[in-house]
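Throughout, residue positions are numbered sequentially from 1 according to the sequence presented.
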Amino acid sequence: QPHGWGVACITPTPPPKSAANPSQLRGFHGCRGGCRGLRRAAAAPPQARLPRPGAPRLRPHPRQVGGGPDCTYVKTILKKVIAEAELSSDIVIDELYEEFGRCMSSRANNPELSLAKIYKEISFLSPAYENVSSNPVSLVARLLCSTNMLEGDTGCCLWPSSLFLSEFILSFPELFAKKCCFELGSGVGLVGVCLNHVGASKVILTDGDASTLTNMKANMEMNNLHIEDSQLVKESKNKVECKYLSWEEACESDLRDYQRDIVLGADIIYNPSCVPHLVRVLCMLLRGDDGRHESVNAATNGEIGDEVSGTTATGGPVAYIATVIRNADTFNCFAKAAADAKLSVVNITSSAAPSSFLPYMISYDRSSVQLLKITLLS
């Protein structure tokens with residue numbers, strides 16, 4: 001019962017007459033009503049707990065066998081009923097504890113449940129106050145995202161920085177149209193969907209986690225973007241590839257075959273131990289295919305206006321990194337490592353503020369995200 005508390009206990013086979021049988025605990029209607037039934041059954045003699053002759057037997061739904069998706073719902077109900085009974089100092093039938101234990105065990109042993117996914121549609125819509133004649137945005141990205149971030153499945157979560165970077169891409173499509181774009185730590189692949197929408201000539205999405213990469217490929221296929229065969233990718237208008245890339249193990253030869261004009265990343269500055277590897281990979285990507293790099297001075301916030309309008313020429317790749325500074329020490333570690341590697345890191349958040357294409361998403365805090373432009377100094 002997805003919208004109520006109704007539940008019926010299941011008895012697969014008749015138990016011995018001396019055993020307590022929870023099958024009489026049918027028709028729980030609300031947690032407290034269920035506890036009243038539990039108390040009556042617990043207080044009754046064993047013979048009274050047996051099913052009546054000819055009474056219909058309840059069978060498990062097929063999805064519940066083996067700890068299917070409905071096991072989470074059953075587990076929640078059992079936990080509430082047991083807690084209410086314990087608080088009232090009533091006897092709790094052992095079978096309820098056993099069933100609760102089975103639900104917990106099946107969830108722990110089932111990777112599909114421990115890494116449960118939820119389907120989301122992210123709708124990017126042009127603000128009503130903007131001039132509708134100037135290429136209004138209307139894009140729906142279909143994604144499978146994790147519901148279990150606390151158990152380490154962070155790569156399949158939808159982060160604010162990814163939403164912000166996506167809005168930036170949709171706000172300045174001329175920056176990315178007909179460009180080869182390479183993303184680090186692509187996660188669910190939302191940025192790739194947006195890059196394809198604005199007409200990037202090639203999109204390469206990467207991640208160093210195998211399960212995240214699998215989920216990313218599934219998301220690209222849901223959006224009709226990912227094609228496994230490389231030759232078909234070259235001939236298709238949907239030029240999106242998903243590749244495994246470990247920052248710790250990456251070398252020049254791994255990246256040499258990937259042409260890139262723009263490097264992107266969302267929330268990839270999060271762990272001090274990963275910072276040296278991230279900076280090393282950024283340096284390799286920003287050198288360009290032939291080792292060339294653009295000559296830049298210490299950029300000012302005003303320069304981004306020219307770049308967004310398409311008037312600033314660049315001689316090599318440029319990186320745009322969206323990040324939430326959750327730990328100042330971690331960010332300072334990145335800034336120092338970048339400076340030592342002769343990378344220019346400029347905060348362009350205010351001068352390149354994207355349009356708000358997600359006004360309905362109340363939980364999305366745009367103000368917490370910083371946008372960095374990174375280039376290789378001469």
Side-chain angles (χ1 to χ4, degrees), residues 117 119-124 137-146 154-230 232-247 250 255 257-268 281-282 285 317-323 354 357-358 364 369 371:
K117 299 292 189 298
Y119 174 81
K120 291 185 179 182
E121 288 190 351
I122 310 299
S123 299
F124 295 92
V137 171
S138 180
L139 170 65
V140 178
R142 298 166 181 84
L143 304 170
L144 282 175
C145 303
S146 173
T154 56
C156 295
C157 294
L158 195 58
W159 297 94
S161 295
S162 179
L163 297 171
F164 191 92
L165 190 58
S166 297
E167 287 185 314
F168 175 67
I169 293 166
L170 297 174
S171 298
F172 303 105
E174 64 275 11
L175 272 182
F176 306 95
K178 300 180 181 179
K179 299 287 181 63
C180 295
C181 300
F182 189 107
E183 188 186 14
L184 295 167
S186 301
V188 295
L190 177 61
V191 168
V193 176
C194 295
L195 287 169
N196 183 81
H197 180 78
V198 300
S201 59
K202 184 68 174 292
V203 179
I204 301 166
L205 306 181
T206 67
D207 208 281
D209 180 76
S211 62
T212 299
L213 189 64
T214 299
N215 185 70
M216 185 201 308
K217 290 181 179 180
N219 285 340
M220 294 304 101
E221 289 169 356
M222 271 201 301
N223 290 275
N224 300 314
L225 297 181
H226 177 63
I227 301 175
E228 193 70 44
D229 186 274
S230 58
L232 290 178
V233 170
K234 294 177 182 177
E235 299 171 358
S236 171
K237 292 181 179 179
N238 298 325
K239 299 179 177 63
V240 177
E241 289 187 73
C242 302
K243 298 293 183 182
Y244 176 83
L245 179 66
S246 168
W247 300 346
L255 305 174
D257 294 334
Y258 297 119
Q259 182 183 355
R260 62 271 178 193
D261 301 309
I262 298 176
V263 179
L264 302 108
D267 253 329
I268 57 177
V281 170
L282 282 172
L285 289 170
V318 60
Y320 295 105
I321 307 296
T323 188
F357 295 118
L358 300 166
Y364 166 39
V369 184
L371 183 63

Nearest 0.5 angstrom please: M216 CE to C242 SG, how far? 5.5 Å

F164 and F168: aromatic ring centres closer than 6.0 Å? no

Report yes if some heavy atom in the side chain of L371 is under 4.5 Å from a heavy atom in the side chain of L165; otherwise report no. yes

To the nearest 0.5 Å, atom CZ of F357 lies from atom CD1 of I122 at 15.0 Å

Can you name the closest pair of heavy atoms from F176 and L195 and give their distance? CD2-CD2, 3.8 Å

Can you list the residues that meet the salt bridge (charged side-chain N to carboxylate O under 4.0 Å, His left out) rule with E183, with sequence neighbours excluded? none

Quick check: does any side chain N or O of N196 sit under 3.5 Å from a backbone N or O of V203, one acting as donor and the other as acceptor? no

Pairing residues for S246 by the side-chain hydrogen bond (donor to acceptor under 3.5 Å, both in side chains) criterion, not counting sequence neighbours: E248

I need the S186 OG to D207 CG distance, nearest 0.5 Å. 6.5 Å

Any heavy-atom pair between the side chains of K202 and E241 that's under 4.5 Å? yes

Once rounded to the nearest 0.5 Å, what's the spacing between atom CG of L225 and atom CZ of R142? 10.0 Å

4.5 Å side-chain heavy-atom contact, L139 and C194: yes

Tell me, with the steps shown, if L190 and F124 meet side-chain contact (heavy atoms from CB on, under 4.5 Å). CA-CA 11 Å; L190 177 61; F124 295 92; 3.9 Å; yes

To the nearest 0.5 Å, atom CZ of F172 lies from atom OH of Y320 at 9.5 Å

Could you check if a side-chain atom of L170 sits within less than 4.5 angstrom of a side-chain atom of V198, using non-hydrogen atoms only? yes

Would the distance check show the side chain of D261 and the main-chain N or O of K179 forming a donor-acceptor pair, the cut-off being under 3.5 Å? no

So, R260 side chain and L255 main chain: donor-acceptor pair closer than 3.5 Å or not? yes

Could you measure the distance from the CD1 atom of I262 to the CG atom of L285? Nearest 0.5 Å is fine. 13.0 Å

So, does S162 use its side chain to make a donor-acceptor pair with the main chain of L158 at under 3.5 Å? no

For S161, give me all partners under side-chain hydrogen bond (donor to acceptor under 3.5 Å, both in side chains), at least two apart in sequence or on another chain. D267

Any heavy-atom pair between the side chains of M220 and L205 that's under 4.5 Å? yes

Tell me, do V240 and N223 make a side-chain contact under 4.5 Å, heavy atoms counted? no

Any pair with a residue in residues 178-207 that passes ring pair (Phe, Tyr, Trp, His ring centres under 6.0 Å), sequence neighbours left out, goes on the list, sorted by first then second residue, please. F182-Y258

Any side-chain heavy-atom pair from L282 and L184 closer than 4.5 angstrom? yes

Contact summary for S123 and V140, nearest pair of heavy atoms: OG-CG2, 3.7 Å

Does T214 reach the main-chain N or O of A210 with its side chain, forming a donor-acceptor pair under 3.5 Å? yes

